[in-house]
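What's counted below: heavy atoms across the whole structure, side chains too, no hydrogens, waters or symmetry copies. Counting starts at 1 for both ligands and their atoms, in listed order.
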Amino acid sequence: MTNDLSLVWLRRDLRLEDNTAISKACAESRRVVVAFVFDVKILQKLNSKSDRRVDFIYDSIIELDQQLRNLGSRLIVLIGDPAVEIPNLANEMNATAVYFNEDYEPYAKLRDKKVCERLKIDKTESFASKDHVIFAPSEICKSDGNPYKMFTPYKNFWLKKLTSTDYKLYDFDAKKLSLALDIGPPSAMPSLKQLQFQPSTLAFTPKPGRRAALASLKKWSKHLSTYHTTRNFPADASGTSGLSVHLRFGTISIRECIRIAMADPSLGAKVWLSELIWRDFYHMILFRFPHVVNGAFKEDYDNIKWPGKDSDFAAWREGRTGYPIIDAGMRQLNQTGWMHNRLRMITASFLVKDLLIDWKRGESYFAEKLLDFDLAANNGGWQWCASTGCDSQPYFRIFNPVLQSQKFDPDCVFIKKWLPELKSLSAKEIHLLPIARPKPTAVDFKFGKTYPKAIVLHSAQKLRAIQIFKQAIKLVPSI
Ligand SMILES: Cc1cc2nc3c(=O)[nH]c(=O)nc-3n(C[C@H](O)[C@H](O)[C@H](O)COP(=O)(O)OP(=O)(O)OC[C@H]3O[C@@H](n4cnc5c(N)ncnc54)[C@H](O)[C@@H]3O)c2cc1C
């Protein structure tokens, strides 16, 4: 026991259980206080004053506060710049140490460095732990110390290195948390209004908070074994875990997910584990190649002058491109803040390779709308689809949105849910809408009015896209 009183600063790890920082703080201290700071620098950057992610965090920390109160403590919630608030709070409490979990995003790295520098001046110790990933960016690298750029060798090494210690449960001593009720400022939970936000009125799935996260994980463990067969079909609501938001904000731990996957010998569990490894992989890429935040991983592609039109970008955003599978996906995103992975891939590919619009504009739109927005996964996903990333889809392999629609939503169950105006058409007619006018049998359907005609022709745009990529890597001269 080294510390009389320690502070744990929660950020994207909104839970007490299986939380490395809390576990370590409890093991090394007599008393532990837990705090969360609404970071005004992040809040000010959000485009809207009504944001489902702020609601999610807010509702999750209310639950966390209640959990701490049940233990005889409370969550200290502050609003401000953490580089000021955390050292001030540590000073005020006479804490000798601050514990937190590592965050690999560029902004977070800089912020944490500032906090630690201030703490050092104040002679307060700081301890950062790995928690958000199984292997930190520096733990998986080639024999020469360089990072992997291809997913498959990364994954093989990741699997070879994994032992049960890597996904062990980080327990905590609740007694240590119960001795701290009167410590710190006598602050009540701030209201959303104090944060200058209003509750979002949009559909709110999945539910926030630790309890909801655990219920989702439990439910998911019953479907996991068939993941390899269900994961690509957006109409199947149980086809994927729906855990991304909880993983993003840490209401569930990555180790809890890995434990479920490792305990299940099925092929579905193996394939799901592979998706969780993609998550580690993209965190590593972001950390080791921070230039991806502002441009292409393959820098040659930064020179592309994308010729796409603003009006087509608006049609894509609003789900009125005339390609039903694209429009259904975009409406799901706009209305729920979540989009199925298959649709993220098809809509991203369509923006870049059919509408010829810069992938960074799509990346920003997803960042604004996705409840599970995660810089590493979103950037990685976009660069993969745009063929500008490490180990990405080659530029000449372009998704055909009509074939994708026929393959992954054969009966148009998903499309009809989000585009009810197409209900009177047959599945065959819906898939072919971008290339074939439907028979005028449905009285209530007026092609071009009830639903827009396709804004581009895939077969022609695909050739233009390939030409653009070839010019960028100088396979053909630019015109
Ligand atoms: C263009 C694009 C943008 C994306 N943006 C994000 C994002 O901002 N945040 C995000 O969490 N995921 C993102 N993804 C990855 C993936 O689409 C989502 O993680 C997944 O759809 C979430 O649903 P789920 O929890 O049911 O996933 P499941 O299929 O159940 O997968 C389990 C978990 O594995 C992780 N995961 C799965 N696929 C990937 C992947 N390709 N890359 C990294 N992690 C993955 C997620 O944490 C996910 O919750 C993006 C993918 C693309 C193609």
Select one of side chain, backbone, both or neither to describe which atoms of L247 lie under 4.0 Å from any atom of ligand 1, heavy atoms only. side chain
Is the terminal nitrogen or CZ of K109 (NZ for Lys, CZ for Arg) located under 6.0 angstrom from the six-membered ring centre of F287 and within 45° of that ring's axis? yes
Closer than 4.0 Å to some heavy atom of S244 - which atoms of ligand 1 meet that? 11 (O), 22 (C), 23 (O), 25 (O), 49 (O)
Number the atoms of ligand 1 from 1 as they appear, then name those within less than 4.0 Å of a heavy atom of Y282, with their elements. 42 (N), 43 (C)
Using only heavy-atom distances, determine whether the side chains of Y104 and E102 contain a donor-acceptor pair under 3.5 Å. yes
Under 4.0 Å between heavy atoms, the region of W272 that gets near ligand 1 turns out to be side chain
Would you mind checking which non-hydrogen protein atom is closest to atom 15 (C) of ligand 1, with the distance to 0.1 Å? N341 OD1, 4.0 Å
Just to be sure I read this right, does ligand 1 sit under 4.0 Å from the backbone of W220, its side chain, both, or neither, counting only heavy atoms? neither
Contacting atoms of ligand 1, where contact means under 4.0 angstrom from a heavy atom of R279: 43 (C), 44 (N), 47 (O)
Measure from NZ or CZ of R317 to the centre of the six-membered ring of F313, then state whether that distance is under 6.0 Å and the direction lies within 45° of the axis. yes
Heavy-atom contacts with Y227 under 4.0 Å: which atoms of ligand 1 show up? List them by number with element. 28 (P), 29 (O), 31 (O)
Where I134 and Y167 come nearest, the two heavy atoms and their spacing: CD1-CB, 4.4 Å
So which bit of D372 gets within less than 4.0 Å of ligand 1, heavy atoms only: side chain, backbone, both or neither? both
What's the shortest distance from atom 30 (O) of ligand 1 to any protein heavy atom, and which residue and atom give it? S241 OG, 2.6 Å
For ligand 1, which atoms have a heavy atom of L243 less than 4.0 angstrom away? 25 (O), 49 (O)
If you count the atoms of ligand 1 from 1 in the order shown, which ones are under 4.0 Å from a heavy atom of W338? 22 (C), 23 (O), 26 (O)
Sub-4.0 Å heavy-atom contact, M345 with ligand 1: yes
Pair R15-Q67, side-chain donor/acceptor within less than 3.5 Å: no
When you check the gap from the basic side-chain N to the acidic O, do D166 and K161 get nearer than 4.0 Å? no
